[in-house]
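A, B, ... follow the sequence lines: proteins, then strands. Residue 1 opens every chain. Only this structure's heavy atoms are used, side chains among them; waters, hydrogens and symmetry mates stay out. Computed from a predicted model, the values in this text were never measured in an experiment.
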Amino acid sequence: MKTRSVKDRSVALLAWVFMAGVTFLFLYPFWWMIVSSFRSQEAMLLEPTRLLPESFNTRAYGDIQTLGGVKLWLYTFNSVFITVAATLIAVGVTALGAYALYRKPDLPGFRFIQFGFLMTMMYPAMLLVIPVYLVVFQLGLLGTYAGIILFLSLMPILFLMLVQFFRSIPKELIESAKMDGASEMQIFRKIVLPISKPILATVFLIGFLLNWKQWLPILVIATSPDQYTLPVALLSMNTELGIDFQATMALAAITTVPIIVLFLFTQRRVIGGFVAGAVKG
Amino acid sequence: MQTDTAVPIPFLAALRPARWRHAGSNIWRNRIFYILIAPFAALTLVMGVWPIVLGIIVSFTDSYTALTPEPTYVWFQNYIDIFSDDLFLSSLWRTLLFTVLSVVLNVTTALALALILSSRSLKLAAPICGLALFLPVVTPEAATFIVWKWMFSIDFGAVNAFLEDMGLPDFAGTTKPLQAFFTLVFVEWWHHVGFYTIIFLTNLKLLDPTLDEAARMDGARTMQRVWNVWIPQLRPAIAINSIYAVIQFLKTFAVVVIMTNGGPNYATNFLSFYAYSKFNLADYGQALAMATVLFAIVIGLAVVVYRYNEKADYR
């Protein structure tokens with residue numbers, strides 16, 4: 001027994017050390033990004049892996065107040081506005097659609113809608129942007145917030161999560177309301193909506209995180225940097241606006257840190273939602 | 001408004017064929033569901049079905065006329081062109097190789113990480129490790145891929161600084177073809193493995209504990225329990241993760257645009273990136289022919305995996 005527990009303990013220690021290394025590998029790039037945004041280029045060249053900046057050099061944060069002729073606050077506003085608007089529309093539209101498809105999958109036309117949605121999910125999301133560019137062009141929505149927001153509000157993963165939730169509602173709940181003579185509208189408003197509030201919050205949160213990340217559709221549909229969001233501005237800095245390393249790290253930090261904070265506060269909900277959407281029945 | 005049962009009007013109803021009468025009243029009775037689904041249907045049609053159909057149509061037209069009201073149809077010419085383009089063929093094989101490598105790497109390491117994280121001795125540390133692993137899934141890839149690009153830089157990247165500290169030779173990162181390919185395999189792994197790990201972790205928590213107890217009573221060692229008790233029960237999770245991973249990695253795109261731009265010497269020129277660069281050259285016909293080919297591959301693979309999975313369930 002004794003030798004076994006010694007062996008168990010050394011295995012446990014090994015597991016600890018290994019997972020500490022893995023955790024470091026996943027957190028270090030974020031730390032490096034933040035530290036680098038406060039260090040001058042010269043200091044970086046001398047000592048690339050210093051864990052703390054030698055002094056808080058905030059030059060880069062001043063320099064990126066205007067980028068490519070556009071103020072940083074406009075990129076930030078675009079990010080918040082486009083993300084919130086697209087996610088609100090996505091949650092509303094997808095929740096209603098998922099509910100209708102869950103309740104009456106066999107109504108005339110519903111199968112077609114489901115099929116169309118499935119195809120949209122299968123089409124390589126990045127490449128869908130190419131024909132969407134043509135559609136947005138034909139609709140005359142190139143270079144408008146409306147064009148960007150409409151495309152971003154089509155969010156397949158939210159649909160999977162919502163359908164998964166609706167399936168978990170006990171059938172008896174709806175059946176008994178029907179027996180009591182409730183109309184479908186009443187069932188929806190008085191029974192389904194109230195119990196859906198937590199899932200709607202989760203789905204909104206995940207939609208927010210996913211839309212905040214978006215860049216290609218915005219880059220393609222926007223016609224000028226005035227409509228760019230933070231990630232798109234960051235990417236244009238990566239290519240067009242030269243290679244000011246420190247400034248790039250500063251903008252990357254501004255794009256990422258709010259999301260990290262939001263995620264840390266809501267991790268249970270977010271991870272639970274992702275899992276529910278992925279493990280579909 | 002409130003009457004949900006259609007009022008039968010025998011005279012009028014008799015004039016219509018029975019089937020239509022039935023369908024019509026069915027639609028009317030369920031009008032609330034049509035109202036609920038209308039915005040969703042409109043969005044799916046305008047931003048999903050229409051672009052996909054238009055994409056397939058444009059893949060049959062001449063690029064110069066694709067955006068005009070009366071495009072010239074060249075039918076399969078774009079497909080013939082891309083399949084006689086060596087760059088396309090090599091990008092196709094490269095994408096498939098990358099996908100196979102990444103799926104195997106991600107699913108096996110995610111399974112291993114989940115098994116380690118669920119062990120009793122890591123009870124305290126597991127939540128923090130889980131969060132760290134999941135962080136890249138939710139943070140903007142535009143930022144994380146740029147950070148990795150610089151981490152691999154020769155001059156002030158952290159990767160080479162670490163290697164030098166340990167007395168190891170420099171890693172060329174994205175500057176040499178083979179190294180660039182594996183750099184992308186690694187960075188994509190870093191970006192996605194947390195998602196698959198969390199799926200496995202959740203499924204591990206749902207396992208039947210009595211089976212494990214029984215195996216333990218019989219004196220099975222840890223590795224035997226992992227192989228003979230846990231992994232067989234995780235089969236559905238392995239299947240789901242593999243499907244997701246296949247679809248995920250076939251579409252690999254952002255990391256290429258941000259870190260390598262397809263180079264050096266086309267070593268990271270993946271299918272979706274090549275299609276996108278054709279699109280940037282306004283070569284819509286060929287770009288969409290490539291997109292359609294990738295779409296067909298994704299559908300084909302999804303169907304195969306789904307069928308296989310269904311069969312496996314009945315064993």
- Message: Heavy-atom pairs under 4.5 Å with chain B: which of A:Phe18, A:Phe137, A:Phe110, A:Phe159 has the most?
- Response: A:Phe110

- Taking the side chain as every heavy atom from C-beta outward, state whether A:Arg103 and B:Asn30 have any pair of such atoms under 4.5 Å apart. no

- Message: Do B:Lys251 and A:Tyr123 have side chains that approach each other closer than 4.5 Å (heavy atoms only, starting at C-beta)?
- Response: no

- Query: Taking side chain as C-beta onward, heavy atoms only, is A:Phe263 less than 4.5 Å from B:Phe134?
  - Reply: yes

- Message: Before you tell me yes or no, could you show the steps for B:Phe33 and A:Leu101 under side-chain contact (heavy atoms from CB on, under 4.5 Å), namely the whole-Å CA-CA distance, both residues' side-chain angles and the distance that decides it to 0.1 Å?
- Response: CA-CA 8 Å; B:Phe33 291 108; A:Leu101 276 176; over 6 Å; no

- Message: Please classify the contact of A:Phe112 with chain B as side chain, backbone, both or neither, using a heavy-atom distance under 4.5 Å.
- Response: side chain

- Message: Working to the nearest 0.5 angstrom, can you tell me the gap between A:Lys104 NZ and B:Leu36 CG?
- Response: 11.5 Å

- So, the part of A:Trp16 with a heavy atom under 4.5 Å from chain B: the answer is both

- Does the side chain of A:Thr120 come within less than 4.5 Å of B:Thr44's, by heavy atoms? yes

- Message: With a 4.5 angstrom heavy-atom cut-off, is it the side chain or the backbone of B:Thr144 that approaches chain A, or both, or neither?
- Response: side chain

- Smallest heavy-atom separation, B:Ala132 atom then A:Thr23 atom, equals CB-CG2, 3.6 Å

- Task: May I ask you to test the B:Phe279-A:Val220 pair for a side-chain heavy-atom distance under 4.5 Å?
- Result: yes

- Item | Over all atoms of both residues, closest heavy-atom pair of B:Ala142 and A:Leu235 | CB-CG, 3.9 Å

- Item | Side chain, backbone, both or neither of B:Tyr34 within contact of chain A (heavy atoms, under 4.5 Å) | both

- Query: With chain A, which of B:Asn241, B:Leu135, B:Leu250 has the greatest number of heavy-atom pairs at distances under 4.5 Å?
  - Reply: B:Leu135

- Message: Counting heavy-atom pairs under 4.5 Å with chain A, which one of B:Ala161, B:Ala126, B:Ala158, B:Pro136 comes out on top?
- Response: B:Ala158

- Query: Does any heavy atom of chain B fall under 4.5 Å from the side chain of A:Gln214, the backbone, both, or neither of them?
  - Reply: neither

- Query: Top residue by heavy-atom pair count (under 4.5 Å) with chain A, among B:Val138, B:Leu288, B:Thr292?
  - Reply: B:Val138

- Item | Over all atoms of both residues, closest heavy-atom pair of A:Pro131 and B:Pro51 | CB-O, 3.0 Å

- Tell me, side chain or backbone of A:Leu230 under 4.5 Å from chain B's heavy atoms, or both, or neither? neither

- From the list A:Trp212, A:Phe30, A:Phe151, the residue making the most non-hydrogen contacts under 4.5 Å with chain B is A:Phe30

- Closest heavy-atom pair, B:Ala143 versus A:Thr256, reported as atoms and distance to 0.1 Å, is CB-OG1, 3.1 Å

- Answer with side chain, backbone, both or neither: which region of B:Leu45 has an atom nearer than 4.5 Å to a non-hydrogen atom of chain A? side chain

- Task: Please report the C-alpha distance between B:Trp148 and A:Phe26 in whole Å, then the side-chain angles of each, then the deciding distance to 0.1 Å, and finally whether the ring-ring contact (aromatic ring centres under 6.0 Å, His included) criterion is met.
- Result: CA-CA 11 Å; B:Trp148 273 112; A:Phe26 278 79; 8.8 Å; no

- Which region of A:Val135, side chain (C-beta onward) or backbone (N, CA, C, O), has a non-hydrogen atom less than 4.5 Å from a non-hydrogen atom of chain B, or is it both or neither? both

- Euclidean distance, B:Thr139 OG1 relative to A:Ile260 CD1, rounded to 0.5 Å: 6.0 Å

- Query: What pairs with A:Trp215 under side chain to side chain donor-acceptor pair (under 3.5 Å), at least two apart in sequence or on another chain?
  - Reply: B:Glu141

- Query: In terms of heavy-atom pairs under 4.5 Å with chain A, which of B:Leu294, B:Ile247, B:Val298, B:Leu131 leads?
  - Reply: B:Leu131

- Query: With only heavy atoms counted, which part of A:Met249 is less than 4.5 Å from chain B, the side chain, the backbone, both or neither?
  - Reply: side chain

- Item | Contact summary for B:Gly157 and A:Pro48, nearest pair of heavy atoms | O-CB, 3.8 Å

- Note on the structure: So, the part of A:Ile259 with a heavy atom under 4.5 Å from chain B: the answer is side chain

- Task: Could you have a look at A:Ala98, A:Gly97, A:Gly116, A:Gly109 and say which one has the most heavy-atom pairs with chain B under 4.5 angstrom?
- Result: A:Gly97

- Query: Who wins among A:Leu150, A:Leu13, A:Thr94 for the most heavy-atom pairs under 4.5 Å with chain B?
  - Reply: A:Leu150

- Side chain, backbone, both or neither of A:Val136 within contact of chain B (heavy atoms, under 4.5 Å): side chain

- Hey, what do you get for CD1 (A:Ile130) to OH (B:Tyr284), rounding to the nearest 0.5 Å? 10.0 Å

- Exactly one candidate in B:Ile299, B:Val49, B:Val53 meets side-chain contact (heavy atoms from CB on, under 4.5 Å) with A:Met119; the answer is B:Ile299

- Task: Just give me the residue among B:Leu117, B:Ile258, B:Val193 that pairs up with chain A most often, heavy atom to heavy atom, under 4.5 Å.
- Result: B:Ile258

- Task: Look up atom OH in A:Tyr99 and atom CD1 in B:Ile37, then write down how far apart they are to the nearest 0.5 Å.
- Result: 12.5 Å

- Message: Quick check: do A:Phe274 and B:Ile198 have side-chain heavy atoms less than 4.5 Å from each other?
- Response: no

- Per-residue contact mode, B:Ala254 against chain A (heavy atom under 4.5 angstrom): both

- Message: B:Phe40 vs A:Phe117, test: ring-ring contact (aromatic ring centres under 6.0 Å, His included). Steps then yes/no.
- Response: CA-CA 9 Å; B:Phe40 179 74; A:Phe117 189 74; 5.1 Å; yes

- Message: A side-chain contact here means heavy atoms from C-beta on lying under 4.5 Å apart; do A:Leu154 and B:Val46 qualify?
- Response: no

- Can you find a pair of side-chain heavy atoms, one from A:Ser153 and one from B:Leu43, that are under 4.5 Å apart? yes

- Message: Out of A:Pro124, A:Ala12, A:Ala252, return the one with the most heavy atom pairs under 4.5 angstrom to chain B.
- Response: A:Pro124

- Could you tell me the separation between the CD1 atom of B:Ile146 and the CE atom of A:Met33, rounded to the nearest 0.5 Å? 11.0 Å

- Spacing of CD1 belonging to B:Ile32 relative to CD belonging to A:Glu184, to within rounding of 0.5 Å: 7.5 Å

- Greatest number of heavy atom pairs closer than 4.5 Å to chain B - which of A:Leu127, A:Leu262, A:Leu209: A:Leu127

- Task: Identify which part of A:Val232 has an atom lying under 4.5 Å from any heavy atom of chain B, answering side chain, backbone, both or neither.
- Result: neither

- Query: Nearest heavy-atom pair of A:Leu25 and B:Trp190: which atoms, and what distance?
  - Reply: O-NE1, 3.2 Å

- Item | Parallel, tilted or perpendicular, as decided by the 30° and 60° cut-offs, for the rings of B:Phe162 and A:Phe24 | perpendicular

- Do you know which of B:Ala237, B:Ala296, B:Gly55, B:Cys129 has the most heavy-atom pairs with chain A at a distance under 4.5 angstrom? B:Cys129

